[in-house]
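Note that the structure is predicted; figures quoted are calculated from it, not measured. Naming convention: chains lettered A, B, ... in sequence-line order (proteins, then strands); numbering from 1 in each chain.
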Amino acid sequence: MQEVARQLGVTHRALRFYEDKGLIEPERVGSMRIYSRRDVGRMQLILRGKRLGFSLREIQEFLDLYDADPEHVEQMIRLAGRVRERLLDLEKQQVALEETIRELRQIEHDAMARVKTARGR
DNA sequence: TTTCTGACA
DNA sequence: TGTCAGAA
């Protein structure tokens, strides 16, 4: 099992966490977990979703649809919607970041100006 | 609150 | 392995 975790670049604890959340459901042999190719595939989708900033909850909805809708039509519609929301969110953050950067630059500028004044230059 | 991690049995 | 406490 540490093999699957290492291969995916996550800890076994994270795999357990995703299982608890219902994102993956590895087969059990006794108390041991068997991760199928399907589980590994789902994990890769989960990791990708995480990289793109989606919550596990959103990722779970997406995975559920993947199972429920063989044509993936509804899934793609929902996905496109989520992606749009995510983009809007990131764009807002971008604006906020730019504002923060401008403010910090101004503070730096003012601070240096005072130093020069204090030194009598 | 969400997403984990560490530790203990 | 399961579970609880806690970090970020």
Side-chain angles (χ1 to χ4, degrees):
Chain A
M1 103 126 281
Q2 42 277 42
E3 181 59 23
V4 174
R6 198 171 50 79
Q7 185 185 334
L8 289 164
V10 299
T11 63
H12 75 282
R13 305 291 292 103
L15 288 180
R16 295 276 301 278
F17 183 76
Y18 298 147
E19 181 182 348
D20 287 344
K21 292 291 170 180
L23 287 151
I24 50 176
E25 29 191 26
E27 185 191 338
R28 296 302 194 89
V29 173
S31 60
M32 195 175 69
R33 293 172 175 80
I34 306 292
Y35 293 93
S36 66
R37 208 163 50 208
R38 177 169 176 275
D39 291 317
V40 175
R42 286 173 71 99
M43 273 305 302
Q44 283 167 349
L45 287 177
I46 292 164
L47 266 19
R48 179 160 190 236
K50 262 169 47 72
R51 274 206 327 275
L52 297 179
F54 293 101
S55 68
L56 293 185
R57 192 175 203 290
E58 288 172 313
I59 294 167
Q60 182 175 9
E61 283 177 27
F62 181 67
L63 287 175
D64 287 347
L65 278 177
Y66 192 89
D67 292 336
D69 168 26
E71 299 298 313
H72 304 159
V73 176
E74 181 64 21
Q75 180 190 24
M76 288 305 147
I77 292 170
R78 293 265 209 109
L79 175 64
R82 292 293 188 177
V83 167
R84 217 169 291 128
E85 283 176 17
R86 179 68 182 141
L87 282 171
L88 286 173
D89 190 40
L90 284 174
E91 282 159 7
K92 277 185 192 169
Q93 285 185 44
Q94 186 172 27
V95 169
L97 269 178
E98 283 162 359
E99 210 167 288
T100 301
I101 287 170
R102 268 197 304 278
E103 193 174 342
L104 285 169
R105 282 189 176 139
Q106 185 63 52
I107 291 170
E108 180 191 26
H109 178 270
D110 293 350
M112 291 315 290
R114 284 204 185 207
V115 169
K116 285 178 184 171
T117 302
R119 284 178 174 166
R121 290 174 196 172

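Residue A:Val73 belongs to a hydrophobic cluster whose other members are A:Ile77, with links defined by side-chain heavy atoms closer than 4.5 Å.
A:Met43 places its CE atom 12 Å from the C1' atom of B:dC4, with the value rounded to the nearest Å. Computed from coordinates, the A:Leu15 CG to C:dG2 P distance equals 13 Å when rounded to whole Å. Rounded to an integer number of Å, the gap from A:Leu23 CG to B:dC4 P is 10 Å. One interatomic measurement links the two molecules: CG of A:Asp20 to P of B:dT2, which rounds to 15 Å at whole-angstrom precision. When the P atom of C:dT3 is taken as reference, atom CD of A:Glu19 falls 11 Å away, rounded to whole Å. Rounded to whole Å, atom P of B:dT2 lies 17 Å from atom CD1 of A:Ile46. Distance CZ (A:Phe17) to C1' (B:dA7): 18 Å, rounded to an integer number of Å. Nucleotide B:dC4 holds its P atom 14 Å from the NE2 atom of A:His12, rounded to whole Å.
One finds a side-chain N or O of A:Thr11 lying less than 4.0 angstrom from the OP1 or OP2 phosphate oxygen of B:dT5. The side chain of A:Tyr18 contributes an N or O atom lying less than 4.0 Å from OP1 or OP2 of B:dC4. For B:dT3, neither phosphate oxygen OP1 nor OP2 lies less than 4.0 angstrom from any side-chain nitrogen or oxygen of A:Arg16. One finds no side-chain N or O of A:Arg57 lying less than 4.0 angstrom from the OP1 or OP2 phosphate oxygen of B:dT2. Checking the phosphate oxygens (OP1, OP2) of B:dC4, no side-chain nitrogen or oxygen of A:Lys21 falls inside 4.0 Å. Considering only side-chain N and O atoms, A:Arg28 lies under 4.0 angstrom from the phosphate OP1 or OP2 of C:dG2.
Heavy atoms only, all atoms of each residue included: A:Leu65 and A:Gln75 are closest at CD1-CA, 3.9 Å.
Considering CG of A:Leu47 and CZ of A:Arg42, their distance stands at 13.5 Å, rounded to 0.5 Å.
By the side-chain hydrogen bond (donor to acceptor under 3.5 Å, both in side chains) test, A:Asp110 pairs with A:Gln106, sequence neighbours left out.
Between A:Glu98 and A:Arg102 there is no salt bridge, since no side-chain nitrogen of the basic residue lies less than 4.0 Å from a carboxylate oxygen of the acidic one.
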